[in-house]
Structure formats: C-alpha cells, structure tokens
Amino acid sequence: MIKAITGTKDILPSEIRKWYHLENLVKKIFHNFNYKEIRTPVFEETALFARGIGEETDIVSKEMYTFKDRSDTSITLKPEMTAGVVRAFIEHSLGEKQPLTKVFYISPMFRQERPQAGRLRQFHQFGAEALGSPSPLLDAEMIEMAYEILKNLGLKDLNVKINSLGIPSARENYKNELRKYLSDKKHKLTEESKIRFEKNILRIFDSKAEQDQEIMKNAPLLIEYLDEESKHDFEIVKTYLKNLNIPFEVEPKLVRGLDYYTKTTFEIISGKVGAQSSLCGGGRYDLLVEELGGKPTPGVGFAAGMERILLACENENVLNLPEPFIDIYIVRIDNELILKISEIASNLRKTELKVDYDYLNRSVKAQMREANKMNAKFVLFVGGDEFKNDEVVLKNLETGQQENIKLSDLNSLNNKIKNYGS
RNA sequence: GUGAGUAUAGCUCAGUUGGUCAGAGCACCAGGUUGUGGCCCUGGGGGUCGUGGGUUCAAGUCCCACUACUCACCCCA
C-alpha cells in the first residue's frame, strides 16, 4: 500500500470545517486592516531562499526540499513566504505603484524536519508583509493582527514576546561584546553551542541545555547595546501595544533564526501545544529587499503556523463549530422514481438548498437513517399515492410534522423552509 | 541528523508466565409483520495480529533486523 510521505497529512472532509473557519477568519481580519492576498508559486529558484533566509541558517543548510528539474535548474519548495513575497514585490515593481504595499497569504510550506506534535514537513502558514515604511506602527500592527486572529478563535493561553535586534552595526558591536564575555567560558558550552559561537552567536540564547543557560544567564543583553533609533522605535512599538491593550513581555533573549531580521522581532507562544509552542513569529527586515536586488525598502511581517493554531484550539477546547447539516434529504418510496428524484434534487439545488438523496437503492428505513445521520432538516418523500396526485410529502425531522406539497410548488420550497427555521 | 516509546478489525483498545486468542465497544450493513428516522433489540460483513527472519512440538504472545507512527532533542510556524 502506498502511504502519504512522512511528515505530510491528508486533511479529511471531517476536518475541513475548522480549516475553513480559520481561513475565513484570517481573510476577514487581514481585509479589515486592508491587506490584500498574494499567491506566489510553491517553488522558487533555490538561490532566492539561500540569499534571503541566509546560507548559514538551519532552514537553508539542512531542511529545504531542493532538487534539480529536467532543465537542471535548482528548485526549492518554499520553506517560508517572505523571500517569495519580496521577490514578487521587486519583480513586479510594486513599490513603484504605491508607497506602501500590504499583503497577506495562506499557503503550504515545506521543510524536511523530523515530524512531531505541531511540526510537519508540509505545513500551512498564514502571514502578512508590509513593504515600504520603517514606521514602528506597522511593527505593532503585525502583532495586533496576529493577536486579533488568535483571540478571535477563543485562545486564552497566549504569550506575546517582543524584542529588538537593532540595526546591523549595533548588533555587530554587541556580538563582539558577547564574544568577549564568552571567550573564557566557551569550553563549557554544549557542542552545538560551540558551533553557534562560530556561525551565529546570538542563537546560543535559544539553547535549552542547562549548562548553556547557566552561562548565558549573566551574559550582556543585546537590548542594552541598541542604537538610538532602534531603541526609540522599540519604545513606540511598546507604547502602541499598551494603548491597544495587548499584553506583552519584553524577552531580551528572543533571537529569531532567520538572518534577515532587524529591529523589532516578536513571537506568540501557546502553553498548549507541546514543545512546538510558537504559534507565530515575525519581525522587521529593513535590508532584505535590497539584499535581493530591489531598491532599499523597509519591511515588516509575520507568519503563523496553522496546524499549531488548530492544535492549540483543540487543546484549549475552543472552536466548537456548529454541526454540519443539509436542508433536504429526498427519500425514494418507489424505486422507479429515481429519474424524477434526480430532477427534483437538481431543481432544488438551483434554489440554493443543500439537497441529497440515496444512490445505493436502499430501503426507506435505511434512507431515513441516512437522512438523520446527515443531520437533514427536512425529508421529502417521493412516491406512493401522493405522487399519483402530483404531490410529495415534506417532513420536518425535528418536529415530525409533515405536509403534502404540490410538485408545481417545489420551486418555492426554499422560502417555506426558511420560514420553518425562524 | 540524535534519542526513547509504540505497531492486533475503519476507529479506540483487551488479549495474563508462549498452548481454542483471533476478541470487545464504537462505526458500517441488513432486519424488527405489506411506505417514515433518531432510542432499543436481533443478526451480519471485516483482521494472514506492521514486514521479514529466528527460537519452539507450538508465537500477537520470546529474540533479531527492517519499516512506519508518536514524543522529545535539534530547528522553527
């Protein structure tokens, strides 16, 4: 038997409603903030991600689905969205058409990691990007939108963490300080952190190993070495968040794993998803557009993991959606009427009613059971004496009441049923 | 990439120290007096017990390998 590839999951009909719910909410909130959807290809040239995300990051160095196509071009399935959005922004000169570009997306992403709770190899993210303004108001707006979506789902166990990475020169100064601090303690770090020391020293803060945390406890913090501009912008972000009543914590050790971040970074954590607790993350990337060959353009954005969010919803037992139902189930009493029934169903469906009937030639009893299972509001009996008089029987499954209806009146059944409901 | 745990019907699981152990509940299907459901009752279909070796008179039940899944590390959404 052929099975789904490791780390991929089928979203079955029984689960699709929560996805619709989440997607509709996401679209609604983004539209309220006047963000417009962008859809970029599932794969891009490998170089885009290598340059955009950073050669040294784990995502690029060991997690990407990269392969050569038949014309020997190196292709990569997108592991995140920002690089693709920026590529499209540059390619279509969106910055020339308007000073500020606000876009959102909902899309599958691909990373070849070992699957676990809240982590798949094909997973889904929604997110937003605003390109063209350095204003910290937009940083706060990103957090606001993400928070708004999560709150709207009913999630309670949320924790907003923010930090500022500053501009590159300030960060370089700080890295030197950190190197100085660690120079005599380096040998006590875990092997992984020794590698980080060389490649991306900031990430040592992310280590969960106690011996690393012990050493880093007293390390100088980036936030103390920030440049004036970053400090100032960070204060504005905080002020704005307070004014919006969004609770947050400053987390000086929050370091994002992608190279392109500058200034504000943030993350929203749930206490209800196991080890993969980060529901969304993002930040400012003022140098990325230029890095990828565009005119210098500041940008800010975030991405949220949809599987993780749905997992958190499940674990918090929120997101209790109403049961699915159909309006009418047509029960065939005389088997030879199947053609007539398909015609009736077709006409009713054209009047915006959800209609179904039996395709398996089953007994009346079985059809009734089926109607019940489908949570049908009404059953329409077709056949018998009534049918000889050009009538069908409409039964309200909730009350058990039934009445005869002329075949010629069926096209107005929609109104009748809506009156029942209210 | 590293580590641990699990692997019996569609689903959730029982199966005691190897010897009627191939089961239960749910789900599914058909019936319950000649056209009407939800509850209830009766009956039914469905598994070579993840795969391949081995030990034994005898293996879901012990051993080995492989594979898959789960969780954690790592990383990140």
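- Taking only side-chain atoms of A/R369, from C-beta outward, the nucleotide of B/rG32, B/rC74, B/rA72 with the closest atom is B/rG32.
- Donor-acceptor pairing under 3.5 Å is recorded for the side chains of A/T76 and A/T66.
- Ion pairing between A/K377 and A/D327 fails under the 4.0 Å rule for side-chain N and carboxylate O.
- Taking side-chain N and O atoms only, A/K373 has a distance below 4.0 Å to OP1 or OP2 of B/rC28.
- Looking at the side chain of A/A275, the nearest of the listed nucleotides B/rA77, B/rC73, B/rG37 is B/rC73.
- When the nucleotides B/rA72, B/rA77, B/rG35 are ranked by their closest atom to the side chain of A/D385, B/rG35 comes out on top.
- Ion pairing between a basic and an acidic side chain is recognised when a charged N comes within 4.0 Å of a carboxylate O; A/K406 and A/E391 show such pairing.
- Side-chain proximity of A/K395 to the nucleotides B/rA77, B/rU36, B/rA72 is greatest for B/rU36.
- You'll find that the side chain of A/R119 is closest to B/rG1, out of B/rG1, B/rG32, B/rA30.
- For the P atoms, the distance from B/rG5 to B/rC64 is 12 Å, rounded to whole Å.
- A cation-pi arrangement is not found for A/K36 relative to A/F104, the charged atom failing to lie both closer than 6.0 Å to the ring centre and inside a 45° cone about the ring normal.
- Note on A/K9: a side-chain N or O is less than 4.0 Å away from OP1 or OP2 of B/rU70.
- Nearest-nucleotide positions on RNA chain B for A/A4 and A/S363 put A/S363 closer to the 5' end.
- The partner of B/rA68 is B/rU6, judged by Watson-Crick or G-U wobble contacts that both fall below 3.5 Å.
- Each of B/rA77, B/rU36, B/rG37 was ranked by its minimum atom distance to the side chain of A/N372; first place goes to B/rG37.
- You'll find that the side chain of A/E370 is closest to B/rC29, out of B/rA72, B/rG37, B/rC29.
- Nucleotide B/rC21 forms no Watson-Crick or G-U wobble pair with any nucleotide shown, as no partner meets the under 3.5 Å limit on both distances.
- The base of B/rG35 does not come close enough to the side chain of A/Q367 for any donor and acceptor atom to sit less than 3.5 Å apart.
- For the residue pair A/Y285 / A/T82, no side-chain donor-acceptor distance below 3.5 Å is found, with atom types taken as modelled.
- The partner of B/rU42 is B/rA30, by the rule that a Watson-Crick or G-U pair needs both atom distances under 3.5 Å.
- For B/rC73, the paired base is B/rG1 (Watson-Crick or G-U wobble, both distances below 3.5 Å).
- The side chain of A/Q116 approaches B/rA72 more closely than any other nucleotide in the set B/rA77, B/rG32, B/rA72.
- Closest approach to the A/V364 side chain among B/rG35, B/rA30, B/rU70 is made by B/rG35 (side chain taken as heavy atoms from C-beta onward).
- With its glycosidic angle within 90° of 0, B/rG60 adopts the syn conformation.
- Residue A/A366 is the one, among A/A366 and A/R111, whose nearest nucleotide of RNA chain B lies closer to the 5' end (criterion: closest heavy atom).
- For A/A303, whose side chain is taken as the heavy atoms from C-beta onward, the closest listed nucleotide among B/rC73, B/rA77, B/rG35 is B/rA77.
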